[in-house]
Amino acid sequence: MSTYKAPLADIRFVLYDVLEAEALFARLGFVDASRDIVDAVLEEGARFNETVLAPLNRIGDETGCRYDKATGAVTTPPGFREAYAQYVEGGWPGLTAPPAFGGQGLPHTVGVPLKEMIDAANLAWGNFPLLSHGATEALLHHGEPWQQEVFLKPLIEGRWTGTMCLTEAHCGTDLGLLRTRATPADDGSHAISGTKIFITAGEHDLTDNIVHLVLARLPDAPTGSRGISMFIVPKFRVDRDGKVGERNGVHCGAIEHKMGIHGSATCVLNLDAAQGWLIGEPHKGLAAMFTMMNTARLAVGLQGLGLSDRALQNALRYARERLQMRALSGPKFPDQPADPIIVHPDVRRMLLTCKALVEGGRLLGCHAGALVDIIGHAPDAAEREQADALLGFLTPIVKACLTEWGVECTYHALQCFGGHGYITEHGMEQLARDARITTLYEGTTGIQALDLVGRKVMQLQGAGLKVFLELIENFCGAHEGDAALAEFIVPLRAKADEWQRLTREIGRRAMADPEEIGAASVDYLFYSGYVALAYWWARSVAAAQASSQSEAFKDAKLETARFYFARVLPRTLAHKAAIDSGAATLMALDADRFDA
């Protein structure tokens, strides 16, 4: 059976030794985020996830959500509702939310490892409160004062949950094709009619009300994506004074049958003249939705990270226990009938790949959380602007790379178990199935890649990339004379230079042929992700050297960094070669000749 232990030692190393969170929080004015308070939050979060959520993971997978066709009601798996009540009682929904609306106001940097723990412990359960955070951000940035007062408090308290309703059966990513309509009513609200699909936690029995943020078209809307508005559509009607009324015209028409996350309700929602309140400006809904979507994309990236860590933990335990064959260089445990499989090079390759991607990915995710805090609280406008550019650049990398690495790591972990990984008893196949969805929802890997290259690099002229390259150069310059770091500084600086040249070359070719952007995008995304992790691994070695960590911890960081630079970072060579090949080989074959 799959088990989970929160990686508190590495989380503390990331926060305090690498990111220097104590000084950061003090500088940003988080007076209640002292180390003792943050440590207490992490400890209690670990306890909740290990003892409450993790034991429900297999139950949720085996039982799934139940849909009542007659009523449209969805029943969550056994134990989910009780776990959610504990989650609310512990104040977890409002951990990083503003105190003005009932939140605790802790840094987002602290919320990131808590989110990772939840996803590692029970990804399907974690999907129910997942989009409440995005809905909160959308309301904070775009909601009217009365909307914030009425909807934010119950969302932050966890009494209500939120959803994001974009997709329709005939349009996925191309939201300009959506057909859901919004008709103005006399009381200032709108009647929303249409059908939305793939709505995570669109119906459930955990809370009394659900707040749907729905994209729809007003009668005078222009065509395409410029004619989209966003509306607040609660499951039960809510007036401007916060009074909850009768059931609204939004019902669950079905729940999807999926290859994974069985304990999560993925709903078809039918809206029939449902009362909705316009949030933000008319026809500006897509911009407002992206506030929520970017929050969700970072959160989904953490899902990939959490699953990777849980998979690694279980594979490592099994590799230490499973006896099979002898090491090629001679018996390592001569008193045993065979050696544990962790002595074999290929098993070590898989385990070290997971360790390198998990621990490097944890820094990537926590850095994104720190950027959110800087954007919201740094006193210097220039610092806020730089952080915003860097976060925008990193968001598709965090989402796509951490989830794709989640698929890779759960696959490696399953391989370590051999045939035992394929059966349900050990729980590894569930992790592999659950990980697959993370690369799809909130935008596929290809969509993230197009966002990175097309918008964050070309349209915004690489503003975020420039900030990241400056971070790398500053780090390399500061440690240029450190002989112990030379093995990392030299290749890191070379990769940063190559990253810059590669970006310019894509831009040059795209001026002649726009297809070059799509042709290069996925390879460029992965190239960027691997160079980003090289930076964090170099910083990890430097931080470990200067820390009070044990010699064993320091040695593990050093050897894992060496493995990363020797065995993982060279993947950039293949990605660069693919980018250099251009769009010609992708576009030459006529579409009607693919099956010739």
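With hydrogens and angles left out, the side-chain atoms of E408 and H412 include a donor and acceptor closer than 3.5 Å. Side chains of E404 and T445: a donor on one and an acceptor on the other come within 3.5 Å. In the model, W537 has no side-chain atom that pairs as donor or acceptor with a side-chain atom of T560 under 3.5 Å.
Between L166 and the options K196, M292, M293, a side-chain contact (heavy atoms from CB on, under 4.5 Å) holds for only M293.
We find that R348 and E559 are not joined by a salt bridge, their nearest charged nitrogen and carboxylate oxygen being 4.0 Å or further apart. Ion pairing of E470 with K466 is absent here, as no side-chain N (NZ or NE/NH1/NH2) approaches a carboxylate O to less than 4.0 Å. A salt bridge links K557 to D10: at least one charged side-chain nitrogen sits closer than 4.0 Å to a carboxylate oxygen.
Atom CD of E473 has more than 12 neighbouring heavy atoms from other residues, nucleotides or ligands inside a 6.0 Å radius.
Listed by chain and residue number, R508, R509 satisfy the side-chain contact (heavy atoms from CB on, under 4.5 Å) test with E505 (two or more places apart in sequence, or in another chain).
The distance between the ring centers of F565 and F488 falls below 6.0 angstrom. Ring centroids of W536 and F475 are separated by 6.0 Å or more, keeping the two rings apart.
Each side chain to side chain donor-acceptor pair (under 3.5 Å) pair with one or both residues in residues 377-398, not counting sequence neighbours, appears once here: R27-E383.
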